[in-house]
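Can you read through this structure? Questions will come right after.
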Amino acid sequence: MVDPKETINIENVVASTGIGQELDLQSVAMDLEGADYDPEQFPGLVYRTQDPKSAALIFRSGKIVCTGAKSTDDVHQSLRIVFDKLRDLNIQVDDDPEIVVQNIVTSADLGRNLNLNAIAIGLGLENIEYEPEQFPGLVYRLDEPDVVALLFGSGKLVITGGKKPEDAEEAVDKIVSRLEELGLLD
Amino acid sequence: RLRKWQERIRTKDAGERNLQFALSEIDRMASALGVPRSVREVASVIYRRALNEDLIRGRSIEGVATACLYAACRQEGIPRSLEEVSDVSRVEQKEIGRTYRYVAQELELKMEPVDPKQYVPRFASELDLSEEVQSKANEIIDTTAEQGLLSGKSPTGYAAAAIYAASLLCNEKKTQREVADVAQVTEVTIRNRYQEQIEAMGIH
DNA sequence: AGCTTACTTTTGAAAGC
DNA sequence: GCTTTAAAAAGTAAGCT
């Protein structure tokens, strides 16, 4: 039996940072190749990096959101590319802007099919949201760590809302032990 | 102050007018759906509770009224799908679903997932299918659900597939299109569920 | 009957309406 | 509350061949 923790895979990391300088997005959009900027639709300018693959939302305030990266390392690499691109445009960028991870999305596999109906009732209808007419996943909110898990009939799950990779591991452990003590696994 | 008093009256009137509107909407939609009076009463009770708990702030009266009716149908064991409910409401399906989840969570309605069997009598009678077919469909639903086939699947599609399969087994065949139309699902969904169910039943 | 594309759910930040 | 970004899970749906 494989430890479900070893099936954990980071699928997306969201982080925020800032260059410490205000920006004229109109001119950045003109000079930065591949930039998408439509202030009527959204106040941020979208810039995509190819390797690692990610999308950066750049704002007038100089603050930046990076999403789509598959690891915290990739987030740093992507943002380094964005910072250098801005420097190429003669824009002042702080030396080592602080990068804060805001959310990590993970997937995992419990290795067994799940009876979501039984789990919804077993874990308590007040803590769970399971509406298969609207979405096939069962929504389970944990307090510690503070994450949200989406459980599927296949035994696969998604964990989101965590700030560090260990949050997903703790969450998987808690979910497995809760399901086991309810006899809803195996 | 006279002004303050007038304002209070105005607010009270507005509140009562809103409640009246909500209840009349519940009545109108319930009639359109053809659900018994008991369901309207349950829906009204849920709506008043939502009003007391201040759950209507930030959303439309009609959205909450529709969500309450949807919840009431389920509580009474005669569910209407979100699509059926949205067909008689001017609120879009997605909004009804969201509002329902919010109300159910806040009022701790402890709603159990819909049992596909609850759709069988209505769908089957709309298709003029016999009691025998209904029993067979129920058997298929129970047997396959026990084997874990139901997890994550929509109750209407699941019921539709079981009815289609049962109609074949009982020589009262209905086409996938006919069943799909009354259940408001696609033929593709019926085909997919049907295959799984037949396989799990050991192709009777 | 497929295949492709797309939408449902959750999460988080950003700035503005 | 909305707008935009990305990503997974699995079910449902629509369009096209």
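So that the names make sense, note that chain A is the first sequence line, chain B the second, and so on, each numbered from 1. Only heavy atoms go into these numbers, but all of them, side chains included; no hydrogens, no water, no symmetry mates.
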List the residues meeting side chain to side chain donor-acceptor pair (under 3.5 Å) with D173(A), not counting sequence neighbours, and say none if there are none.
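Per chain and number, D173(A) pairs via side chain to side chain donor-acceptor pair (under 3.5 Å) with K5(A).
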Which whole-number value in Å describes the distance from Q184(B) CD to dA14(D) P?
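Interatomic distance, CD of Q184(B) to P of dA14(D): 11 Å.
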Determine, for K174(B) against E126(B), whether the closest basic-nitrogen to carboxylate-oxygen distance falls under 4.0 angstrom.
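Looking at E126(B) together with K174(B), the answer is no, because their closest N to O distance does not fall below 4.0 Å.
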Would you call E133(A)-R74(B) a salt bridge at under 4.0 Å N-O?
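So E133(A) does not pair with R74(B) through a salt bridge.
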Length of the line joining F42(A):CZ and dT4(D):P, which is rounded to integer Å:
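Interatomic distance, CZ of F42(A) to P of dT4(D): 8 Å.
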Could you check whether Y158(B) and T144(B), counting side-chain N and O atoms only, form a donor-acceptor pair closer than 3.5 Å?
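There is such a pair (donor and acceptor under 3.5 Å, judged by atom type) between the side chains of T144(B) and Y158(B).
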Counting only heavy atoms and a strict 4.0 angstrom limit, can you tell me which residues of residues 92-105 of chain B come near DNA chain C?
K94(B), R98(B), R101(B)
Take S61(A) and V14(A), find for each the nucleotide of DNA chain C with the closest heavy atom, and name the residue whose nucleotide sits nearer the 5' end.
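Nearest-nucleotide comparison on DNA chain C picks V14(A).
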Tell me: CD of E129(A) to C1' of dT9(C), nearest whole Å?
9 Å
Does the distance from a Lys or Arg side-chain N to an Asp or Glu carboxylate O, for K136(B) and E172(B), drop under 4.0 Å?
no
Rounded to the Å, how far apart are N113(A) CG and dA9(D) P?
15 Å
Taking the side chain of N103(A) as its heavy atoms from C-beta onward, which of dG11(D), dT11(C), dT10(C) lies nearest to it?
dT11(C)
On a whole-Å scale, what distance lies between the C1' atoms belonging to dG2(C) and dA9(D)?
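One C1' to the other, the span is 23 Å.
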Find the distance D74(A):CG to dT5(D):P and express it as a whole number of Å.
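Whole-Å distance recorded here is 21 Å.
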If the threshold is 4.0 Å, N to carboxylate O, is there a salt bridge linking R101(B) and E131(A)?
no
Nearest whole Å is fine: how far is dT8(C) C1' from E83(B) CD?
14 Å
Between R191(B) and dG2(C), is there a contact of a side-chain N or O with OP1 or OP2 at under 4.0 Å?
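No, outside the criterion.
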Test item: side-chain donor near acceptor, T189(B) and T186(B), under 3.5 Å
yes
Take the protein atom CG of N12(A) and the nucleotide atom P of dA9(D), then report the distance between them rounded to whole Å.
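Value for this atom pair: 13 Å.
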What's V100(A) touching, base or sugar-phosphate or nothing? Going by heavy atoms closer than 4.0 Å.
nothing
Using a 4.0 Å heavy-atom cut-off across all strands, classify R193(B) as base, sugar-phosphate, or nothing.
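Contact class for R193(B): sugar-phosphate only.
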Contact residues, residues 142-165 of chain A to DNA chain C [heavy atom, < 4.0 Å]
V148(A), L150(A), T160(A), G161(A)
In whole Å, what separates the P atom of dT3(D) from that of dC7(C)?
13 Å
Which residue lies more 5' along DNA chain D, comparing S151(B) with K53(A) via nearest heavy atoms
K53(A)
Determine: side-chain N/O of R60(A) to OP1/OP2 of dG16(C), distance under 4.0 Å, yes or no.
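Looking at the OP1 and OP2 atoms of dG16(C), one of them is under 4.0 Å from a side-chain N or O of R60(A).
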What's the gap between dG1(D) and dT9(C) when it is taken at their P atoms, as a whole Å value?
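Rounded to whole Å, the distance is 13 Å.
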Identify which nucleotide among dT5(D), dT8(C), dA8(D) has an atom closest to any side-chain atom of L57(A), counting heavy atoms from C-beta outward.
dT5(D)
Phosphate contact (dA13(D) OP1 or OP2) by T186(B) side-chain N/O below 4.0 Å:
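For dA13(D), OP1/OP2 do have a side-chain N/O of T186(B) under 4.0 Å.
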Salt-bridge contact R80(A)-D84(A) (side-chain N to carboxylate O under 4.0 Å):
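D84(A) and R80(A): not salt-bridged.
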Phosphate OP1/OP2 of dA14(C): any S16(A) side-chain N/O under 4.0 Å:
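Result: no.
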